[in-house]
J.: 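Got a structure for you, written out below as structure tokens; questions coming shortly.
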Amino acid sequence: MIVEIPWKKRKLVAQLIDPDRAGEETLVNAARLADEAGVDIFLAGGSLTSVPVADVIKRLKQLSSIPVVLFPGNLTQLTAGADAVFMLSLISGRNPELLIGSHVIAAPVLKNMRERVIPVGYMLIDCGGGTSVEYMSQTSPIPSGKNDIAVATALAGEMLGMKAIYLEGGSGAARPVDPSMIKAVRDELTIPLITGGGIDSAVKVEMAFDAGADMVVIGNGCEQNPALIKGACLVRDSFNRGAVII
Ligand code: 1GP
């Protein structure tokens, strides 16, 4: 299946599945709760994985009809089987491998896959420091509060042809991307805006949507509190109906 992400229709909730923390029981439970809650998409991938992402994607597709988007942390995670692939360019950093190098290697492989490739301008934002993505990418995040730099970077991503911008606090970040930065970027962009990292409550989901995020990504928060995904989807539904319930 080739997925068109329904950006235009509504706000979206994505649940990130980290292969290394997704044993059989966890996956079965996550798929059931996500189905019940009405999660829009699964993202599958991680900064460092020892379990093949392909196995997790295959199992998710057996357990649920929710589309799965590959969210590759590195080239070893490039695999067929997902419905779409986020081709991430780390535009907040100055590591050439993550801006274009890996993409050159990935492009011929992706061309032979049936999955839809979605180019995403990936921006790491300092949300407390010390995240895996900061270390693994060997890039400096955009400092918190430097909304002008975030806006300029996101605009450059849009002008370069990215189909979405992802403001990333890093998995397990101490706090989410500040709503003022989300709003500043949203006000200038015409493409969809994704945010994730450190979103571990329905209130934080509400704040991100309220600031203008089109898609909220939740990983750790659902691992620690599986019921969170239902709360997140209820918040999404309230925005999509035009009313805020919390
Ligand atoms: C990480 O933005 C995602 O890439 C999700 O982060 O695990 O902190 O929810 P969390």
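Counting convention: from 1, in listed order, for ligands and their atoms alike.
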J.: When rounded to the nearest 0.5 angstrom, what distance separates CD1 in Ile229 from CG in Leu234?
T.: 10.5 Å
J.: Before accepting this row, confirm whether a basic side-chain N of the pair Arg241/Asp237 lies closer than 4.0 Å to the acidic partner's carboxylate O.
T.: no
J.: Which atoms of ligand 1 sit under 4.0 Å from any heavy atom of Gly172?
T.: 7 (O), 8 (O), 10 (P)
J.: Between Gly219 and ligand 1, is there a nitrogen or oxygen pair with a distance under 3.5 Å?
T.: yes
J.: Is a side-chain donor or acceptor of Asn240 paired with a backbone partner of Lys11 at a separation under 3.5 angstrom?
T.: yes
J.: Counting distance only, does the side-chain N/O of Ser144 pair as donor-acceptor with the main-chain N or O of Cys127 below 3.5 Å?
T.: no
J.: With respect to Ile218, determine whether any N or O atom, backbone or side chain, lies less than 3.5 Å from an N or O atom of ligand 1.
T.: no
J.: With a 4.0 Å cut-off, would you call Asp83 and Lys61 a salt bridge?
T.: yes
J.: Please list the nearest protein heavy atom to atom 3 (C) of ligand 1 with its residue and the distance rounded to 0.1 Å.
T.: Tyr166 OH, 3.4 Å
J.: State the atoms of ligand 1, each with its element, that fall below the 4.0 Å cut-off from a heavy-atom position in Phe71.
T.: 4 (O)
J.: Under 4.0 Å from a heavy atom of Glu168: which atoms of ligand 1 are those, numbered in the order shown and with their elements?
T.: 1 (C), 2 (O), 3 (C), 4 (O)
J.: Is there a polar contact, in the sense of an N or O pair closer than 3.5 Å, between Ile199 and ligand 1?
T.: no
J.: Among protein heavy atoms, which lies nearest atom 5 (C) of ligand 1, and at what distance?
T.: Gly197 N, 3.7 Å
J.: As an exercise, identify every atom of ligand 1 less than 4.0 angstrom from a heavy atom of Gly196.
T.: 2 (O)
J.: Has Asn74 got a side-chain atom pairing as donor or acceptor with Leu48's backbone, closer than 3.5 angstrom?
T.: no
J.: Kindly state whether the ring of Phe71 and the ring of Phe42 have centres lying under 6.0 angstrom apart.
T.: no
J.: Which of the atoms in ligand 1, numbered in the order shown and given with their element, are less than 4.0 Å from a heavy-atom of Gly198?
T.: 8 (O), 10 (P)
J.: Does any N or O atom in Gly221 lie less than 3.5 angstrom from one in ligand 1, N or O only?
T.: no
J.: How does Asn220 reach ligand 1, by side chain, by backbone, by both or by neither, if only non-hydrogen atoms under 4.0 Å count?
T.: both
J.: Between the side chains of Asp55 and Lys58, is the shortest nitrogen-to-carboxylate-oxygen separation below 4.0 Å, so that they form an ion pair?
T.: no
J.: Please list, in number order, the atoms of ligand 1 under 4.0 Å from a heavy atom of Leu16.
T.: 1 (C), 3 (C), 4 (O), 5 (C)
J.: Within the distance-only criterion (no hydrogens, no angle test), does the side chain of Arg186 pair as donor or acceptor with the backbone N or O of Leu189 below 3.5 angstrom?
T.: yes
J.: Tell me the protein heavy atom at minimum distance from atom 7 (O) of ligand 1, and give that distance in Å.
T.: Ser171 OG, 2.6 Å
